[in-house]
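A short worksheet on the structure shown next.
Sequence lines set the chain letters: A, B, ... in the order given, protein chains first and strands last, and positions in each chain run from 1.
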Amino acid sequence: MLIMKDVWASYGHIEALHGINLEVHAGEVVCLIGRNGAGKTSTVRAIVQDEIRVMKGTVEFFGKSLVNLPRREVIRSGIGYVPEDRRVFASLTVAENLSVPRSYGTSRLFDLNEVYELFPKLKELRARVAGVLSGGEQQMLSIARSLLTNPQLLVLDEPHEGLAPVITQQVIAAVNRLKSKGVSMLISEQHVRLIRECADRVYVIDRGHTVFTGTVEELDANTEIARKYLMVTRDSITSERM
Amino acid sequence: MNILVRHPVVAGALAFVASASILVLANDVWLMRLTELLIWILFAASLNFLISFSGMVSFGHAAYFGLGCYGFALSAKAGVPIIVAVMIGPLVATFAAAIYGALCVRLNKIYFAMLTLACAEITYSVIHQWYDLTGGDTGLTQFAPPSLDLGARGFALLVLACCAGGLLVIRLVLNAPLGLVIRSVGENPGRAAALGFSQRQVQWVAFVIAGSLAGVAGTLYSAFQGNAFPDYAGMRFSLAPLVMVILGGLGSFFGPVIGAIVEKGLTGVLSHYVVFWELIMGVVVITVTVYSPHGFWGLIKRVINKGAPRG
Amino acid sequence: MKYRMYVATVAIGLSLVTGASFAADPILIGYVGDLSGACGPYNDGNLKATRIAVDEINASGGLLGRKVELKVRDSKTNPEEATKQARESIVVDKADILTGPCTSSVLLADAAVAQEHKKLLWNSIGTTHRANIDFGNRYVYQSVANSLMEGRALAEYAATQKSWKRIATIGLDYEWPRQTIEMFKQHLKELRPDVQFVNSVWPKLGESNFGSYIPVLLNDKPDVVFGVMFGSASSNFIRQGKTYGMFERTKVFTYASTYLLKALGNDIPEGVYGWTRSPFYGIKSPAMDSFVAKFKEAHKDFPDDESIAGYDSMMQMAGAIKLAKSLDPAKLVDALAAQEYVGLRGKVSVRKLDINAYAPTFIGVTKKTPAYSFPILTDLVRIDGERVMPSEVEVARMRALAK
Amino acid sequence: MLFVQIVNGLMEGVMLFMVASGLTLIFGVSRIVNFAHGSFFMLGAFLTYQFAPHILPGTMLGFVLTVIMAGMLTAFVGACFEVIVLRRIYHAEELLQLIVTVGMVMIMRDVVRVVWGMNDLATAIPDAMSGAVNVDSYWFPIYNLGVMGIGLLVVVVLWAVVRFTRVGVLLRAATDDRGMVALLGINQAYIFTGVFASGSLLAGIAGGLAAPLGSINFLLDTTVITGAFLVVVIGGLGSLSGAFAAALAIGVLKAVGVLYFPRAAMVTAFVIMAIVLIVRSFKARG
């Protein structure tokens, strides 16, 4: 459904992406892995046309080009976006946060009740101001908020960033539940271990271009890639787990 | 032409020589107009240093201009030798910039701008209310000989020297290690720590430099006009250089030069011949801002670059 | 009307061709006035009358065999613009003589330029005494009563009002009100030691809301509120004063120029004590009648005080030029002092010491009359400049202080 | 006396808030420091002057209709300005946006000068609201009290809209993070235009309400904008409730200040603004 072909993009004069190739198919969970500064966030932003400018290459969603489309049009065409720093509306309550988005999808898979069912904690907190929520709760809220647009593809940018390990597990659980509901996802992530359980396919990017495509198992098998671009070995993956 | 854009020092030197010869040849009328223009260029350039290179937008730059005026006017009035009084003006401005700056750089963006505005308005109010010292709204007049006794031409050349000197100082600072730090902090305030500096210190230094240059401009203006009025520290004198910087082009070294020429030229001509000159100025300001965010200098650069091979 | 003013501003050296032929270059009068900005309305009336005067002078053969021309520049009510325009007027337009300033700051800025370039500036609106008295500027002719004289004249009048024992003052916080109130207080205390000054308030220049000042003024139950302000501040003060019952609870003594009376119309109550500088309705003379008729014909309106003063001082200047047979400032000053001038305001002589006119101040009480659509000041008392001019000793003292 | 001054201060404070509310609203959502806000106030006053003699002159209803009409027209002008000019530079630096509004100030001033001239104009207080309430020997003008009432009504309506409606939610969301609003598929353009129009509406209504209190002239823009800036900055940029508190505080402080520091009015407010900002800088960092 989403195809990025040889995408070059830049912030002003600073080029951030030089040749990203990426595909997400329906029902798939695809992960984008790379070191800090490798271009994960830029790639995600190049999809939703947020702040970055695509200079070359194509970004197509169901055959429709997204390049230079206003951000809202990208969202309306069926992409849900959960940004890196979550960006909840801090002065609004949880319920108000959830009342901002409108549903653009045809599926109508998620309404407020569904979302509360998915994240019961949010229902408890619905009268609370979002700014005081914990990082994990904000992450839930941010995901819930973009689910309400009923996207066909949900793009999550570093959903685990800055979260405690316990919360991380909850996020992973949420992703798995969404996956079971058939939501396609593109998740950018620094740590391989976190995507192990949910990712169907993995892209490794480095310095703004794609360097590896394959399943998690294939990635595990390719120690060279892991060492070169992820600075991890099997050992360190295991040690990270504790 | 390309060389001029690439090597501003060459362009600057040429411009300096050209201006000097114009001033030597100009008649009284043009001498007067050019002198004023040169002072405005210096004032706008000092603000541009703050905005374009240090990333700080000041709404109260007139404070240092005005204090330059009053520092000079009051000391001249008190009988201090003119040559000393001319030094005192910028010193007062520098001193004020050091104090105000220390407070202002603690804030970012719009809050910074608002605090500079408050500082300028406080300065304005004090000048306006302190009748016994400043003469209040009647200001100060007849405290120094016209044109500092240098004659119109001599004074114009002095102003040109100060203006060129000011621009050179800005250039040198920008190219010095200090300038690189200032610029990188201007582009990304968070970067200062990475370079081993405190962001506030760097910004403070830039603020003081800009303030003292504005003080030089103020002193010259006061000497040129032969008067000092509270208005010189007021809102209008804070907005005018801002408009010049924008018209000239944000982010460029020569922007304020072009901006001051365009602004002064346009208002001068328009207000003389057209009834609704302010309306036309407003339209020009809006059009330039919207269609050429890099101002007139951006336009000039584009034209020159078109004529020359790229690379 | 404003549009026409603009056209007038822009038109360069507009004056009617009179048919008379003139030998030499015209005498150029640089009118550097506050045409836009806060003083605009005052300069408007002043400029119109100045034009009428110029036309009359040219119709009767000009001056020194030369035609008189007016070249107008706008000082935008800013001292820095005034400085620039005054300089351009002298250097570019080759003005022989300057006029037009209104606010104190513009007047002083122009005065400095006049001195620098050794041209005479005559002033018929502004009232600051600083140029003439404090700085001893020999290039400024002050043709209306300065604020010292005005303050004293008002005190002279107040002293005759036996019931005025407690006086509250309000003045915008700048030069003119400061000086006027200071002089008023000083002089009235000399004349009437029993008068007590109660509250005084100083709204900032540009204040438009007097709601929090009026109750404070009224709090000490003054017999009269003495208010020094002009333009929109004046009308705001009076309009808002009405809603606060100021006029029911005390008397009000304030600047009530013709422009203000026209602008306020019936919004100004009857019984307000007001002063003004040259009211067309208060001076009966054939000259005044003919001028008012001429002005009405040209502008469909009665002339303001600033118009009368503008015309009067222009004519006085013309007389001085004829007498001096020169445009040299020193000679003109001598001629101004020597001249026996009787104009719209009657006889106005000039003191050479500080080139100040012994100009009158008019004080009266507002009243509606069938003759005009707006209330005018009635029971007018004219206090001549001779009574209130600072003495030569005082002038010397002030000059020493200013040094 | 103190009590009287507090009441007077509150009356002025509500008026100040009327002007400042629009400014802070616009800033909150679009981050534009709108120098032209005073110009919209001025336009509202002139339009009220223009319409007043034609819409049931002298009556309460007529006056209310007049002010509303003036406000709407002002809002329309504001919306046009937003659509034609501002919309093109939202992505640009804040400074450029500010300068554009400065350009608008210049345009509006000349337009007003051309249409209505330079003389002071006036429009009368509606008959129903002339007069005053007398307490002891103090008078409180009915009109000022009425304006305070209308002002408070506007405050309540504004509060309710912001608090309870979807528009209000969007508005607050955009104040928090306007980019994210777009990233949820909302068309920001409507929000921006709407907010700018509403801000101008508030300015226009404030101008209309202020019109009968004093002379209407082309200098109103600068008279008004400084006070509005003070309120907005002291109240915390973008905060409506902060602006309300700040406006009342400034109004009262000014009125009470007349009693105790008759000459310090000019400088006090800016000193407070500076202190608020400096305190903020310590709070933000420490």
Under the criterion side chain to side chain contact (heavy atoms under 4.5 Å, CB included), which of Asn217(D), Ile216(D), Leu121(D), Asp120(D) is the partner of Ser235(C)?
-> Asp120(D)
Could you tell me whether the side chain of Ile214(C) reaches within less than 4.5 Å of the side chain of Trp139(D), counting heavy atoms only?
-> no
Just checking, any donor-acceptor pair under 3.5 angstrom between side chains of Asn8(D) and Tyr213(C)?
-> no
Can you find a heavy atom in the side chain of Leu213(D) that is under 4.5 Å from one in the side chain of Asn209(C)?
-> no
Specify the closest pair of heavy atoms between Val4(D) and Pro215(C), including all atoms of both residues, with the distance to one decimal.
-> CG1-CB, 4.0 Å
With chain C, the option among Leu220(D), Val258(D), Asn134(D), Val224(D) that has the most non-hydrogen atom pairs under 4.5 Å is Val258(D)
In Å, rounded to the nearest 0.5 Å, how long is the span from CD of Glu207(C) to NZ of Lys254(D)?
-> 3.0 Å
Kindly compute the distance separating CG (Asn144(D)) from CD (Gln240(C)), expressed to the nearest 0.5 Å.
-> 7.5 Å
Is Glu12(D) reaching over with its side chain to a backbone N or O of Gly211(C), donor-acceptor style, under 3.5 angstrom?
-> no
Checking Ser200(C) against chain D: side chain, backbone, both or neither under 4.5 Å from a heavy atom?
-> backbone
Given the rule in the side-chain contact (heavy atoms from CB on, under 4.5 Å) test, do Tyr138(D) and Asn219(C) qualify, once you have shown the distances and angles that lead to the verdict?
-> CA-CA 8 Å; Tyr138(D) 300 107; Asn219(C) 192 40; 2.6 Å; yes
Close side-chain approach of Ser215(D) and Arg239(C), heavy atoms under 4.5 Å = yes
Using non-hydrogen atoms and a 4.5 Å limit, figure out which bit of Met15(D) sits close to chain C: side chain, backbone, both or neither.
-> neither
Heavy-atom pairs under 4.5 Å with chain D, option from Ser232(C), Gly231(C), Pro41(C) with the top count | Ser232(C)
Side chain proximity check, Val216(C) to Met1(D), heavy atoms < 4.5 angstrom | yes
Can you see which heavy atom on Thr243(C) is nearest to which on Ala132(D), and at what distance?
-> O-CB, 3.6 Å
Identify the two heavy atoms, one from Arg113(D) and one from Ser36(C), that lie closest to each other, and give their separation to 0.1 Å.
-> NH1-CB, 3.2 Å
Using a heavy-atom cutoff of under 4.5 Å, enumerate the residues of residues 247-261 of chain C that contact chain D, numbered in order, or state 'none'.
-> Glu248(C), Arg249(C), Tyr259(C)
Whatever's closer than 4.5 Å to a heavy atom in chain C on Ile125(D) counts as side chain
Where does Lys221(C) contact chain D at under 4.5 Å (heavy atoms): side chain, backbone, both or neither?
-> side chain
